[in-house]
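Here is the structure we will look at, set down as structure tokens.
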Amino acid sequence: MQVKIALFGITKEIIGASKLNYQLSEKADVNQLLSSLKADYPALQKLTSLMIAVNDDYATPEQTLSAHDEIALIPPVCGG
Amino acid sequence: MQVKIALFGITKEIIGASKLNYQLSEKADVNQLLSSLKADYPALQKLTSLMIAVNDDYATPEQTLSAHDEIALIPPVCGG
Amino acid sequence: MIAITEEPINTQAVIDAVQADGAGAINVFIGTVRNQTQAKPVIQLDFEAYDSMAVKKMQEIADQATARWPIQKVAIVHRKGALQIGEAAVVIAVSTPHRKASFEACEFIIDTLKQVVPIWKKEKFEDGDVWVAAHP
Amino acid sequence: MIAITEEPINTQAVIDAVQADGAGAINVFIGTVRNQTQAKPVIQLDFEAYDSMAVKKMQEIADQATARWPIQKVAIVHRKGALQIGEAAVVIAVSTPHRKASFEACEFIIDTLKQVVPIWKKEKFEDGDVWVAAHP
């Protein structure tokens, strides 16, 4: 399946876009997505942390993804 | 000696004035002033606390008073 | 800015007074007039101050806080006179490089102010007036 | 009032949003842009936000605080875009019946906001840019 991933902050610079169309096996989970992205974009491995948000919530590593999900890559946050 | 005492809050109501001219023995201290006032105005005895300020500072009980001091009676404060 | 005023307090002006380029945090405390005390409706509050001593004590508290925390600037303005429900009786603003100190210093200032600054509060109820904290 | 905005934050409007007749205390936290980070001069800060999720998380934090303290009203406004030294990045206001809860709740909100709300900060120095906290 193909998912759309929103990119912010340093991940936008690492990947070079604010939206990424990304190919994943059917029923891939969050862990698989992170591993795959870190393999494709090794600079992601150097970040202090890297989370996945699904539909405006932090996702658990085992959470299964679907093509309709609103997925975002969340590098270390730093508001305030 | 005669001292002038500024009155605030409930002490102003108890004594019925905002300034009191009060007769004290020479070199009377803060303790003597308080005892004397509490004898003359028994309602002062019922307050949670009663302090004397001399020249814009809280005075110690043993502090000696003079006729030139700016003296104030300080009932329980409650700002903020 | 350390002051006693009879006018409504301009909160923004108090905050502006602590602006500093080295500040990353500003904490502001506003003490407002509540509509009740122990479930009894309050109509109005009257604040009375011993102005000269109150300003001196507020300055001392500001100095104590500045000695204890890395404060950039501090402002304390207390109102006196008749206040309606919702109006600000006191506004305190503290700027510091980092946030934790701003909270600690601001709380220290209001806690100490309530203990030592010669200001008195009379609550007006429908059935009479009470000088707050005067009696045990 | 829970919002992400690109305009300068109107602090007074945020404070007004938490006015409540039952409130005796309002605590306000303002996070401002400092002129330095670890003694290195900062020229400008850029804030980026994942708006929809940021607003959702800020609302959750407000709800958590309201469950834990007797909050009358709470407001959180975070700015995004380019900010100059001294400008406010975030303004949080909390009103409570008594003061202690206002300090505790406001500090909880800013501490939690910094941990979970998807907002990113890029510091611009004379010799380049750094995404804050991105790298160990």
Side-chain angles (χ1 to χ4, degrees), chain C residues 9-16 18-39 41-43 45 72-73 83-111 113-114 121 123 132, chain D residues 9-16 18-39 41-43 45 72-73 83-111 113-114 121 123 132:
Chain C
I9 302 174
N10 181 338
T11 304
Q12 189 64 57
V14 180
I15 295 171
D16 291 347
V18 302
Q19 279 277 351
D21 282 357
I26 297 174
N27 191 264
V28 184
F29 176 79
I30 306 170
T32 54
V33 177
R34 288 177 71 205
N35 59 1
Q36 55 176 20
T37 300
Q38 286 147 3
V42 173
I43 300 167
L45 248 72
Q72 300 271 323
K73 289 185 184 173
L83 273 74
Q84 308 302 316
I85 306 297
E87 287 196 287
V90 63
V91 179
I92 299 167
V94 181
S95 59
T96 59
H98 302 287
R99 71 185 184 283
K100 191 154 186 56
S102 75
F103 280 96
E104 289 177 356
C106 192
E107 191 166 15
F108 165 82
I109 291 170
I110 180 62
D111 286 354
L113 182 151
K114 281 180 171 271
K121 180 160 71 178
E123 288 175 337
V132 181
Chain D
I9 301 174
N10 181 339
T11 304
Q12 189 62 58
V14 180
I15 295 172
D16 291 346
V18 302
Q19 280 276 352
D21 282 357
I26 297 174
N27 192 266
V28 184
F29 177 78
I30 306 170
T32 55
V33 177
R34 288 177 70 204
N35 59 1
Q36 55 176 17
T37 300
Q38 286 148 2
V42 173
I43 301 168
L45 248 71
Q72 301 270 325
K73 290 184 183 174
L83 273 74
Q84 309 303 314
I85 306 296
E87 286 196 286
V90 64
V91 179
I92 299 166
V94 181
S95 58
T96 58
H98 301 288
R99 72 184 184 284
K100 190 152 185 60
S102 75
F103 281 95
E104 289 177 356
C106 192
E107 192 165 16
F108 165 82
I109 291 170
I110 181 61
D111 286 353
L113 182 151
K114 282 181 170 271
K121 180 159 68 178
E123 288 175 336
V132 181

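Just so you know, these numbers use all the heavy atoms, side chains as well, and skip hydrogens, waters and symmetry mates. A, B, ... follow the sequence lines: proteins, then strands. Residue 1 opens every chain.
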Nearest-0.5 Å distance that lies between atom CD in Glu107(C) and atom CD in Glu104(D): 7.0 Å
Highest number of heavy-atom pairs under 4.5 Å with chain C: which of Ala23(D), Gly31(D), Ala20(D)? Ala23(D)
Spatial distance of atom CZ (Phe103(C)) from atom SG (Cys106(D)) [nearest 0.5 Å]: 4.0 Å
Quickly, which of Val42(D), Thr32(D), Asn35(D), Val33(D) forms a side-chain contact (heavy atoms from CB on, under 4.5 Å) with Asp21(C)? Name it, please. Asn35(D)
Locate the shortest heavy-atom distance separating Ile30(D) from Val28(C); write the atom from each residue and the value. CD1-CG2, 4.3 Å
Could you tell me which of Gly86(C), Ser102(C), Ala25(C) has the largest number of non-hydrogen atom pairs under 4.5 Å with chain D? Ala25(C)
Can you tell which of Val91(D), Ile110(D), Thr11(D), Ile26(D) has the highest number of heavy-atom pairs within less than 4.5 Å of chain C? Ile26(D)
From CD1 (Ile85(C)) to CD (Gln19(D)), nearest 0.5 Å: 11.5 Å
Bottom line for Ile15(D): the part with an atom under 4.5 Å from chain C's heavy atoms is side chain
Arg99(C) bridged to Asp111(D) by N-O distance under 4.0 Å: yes
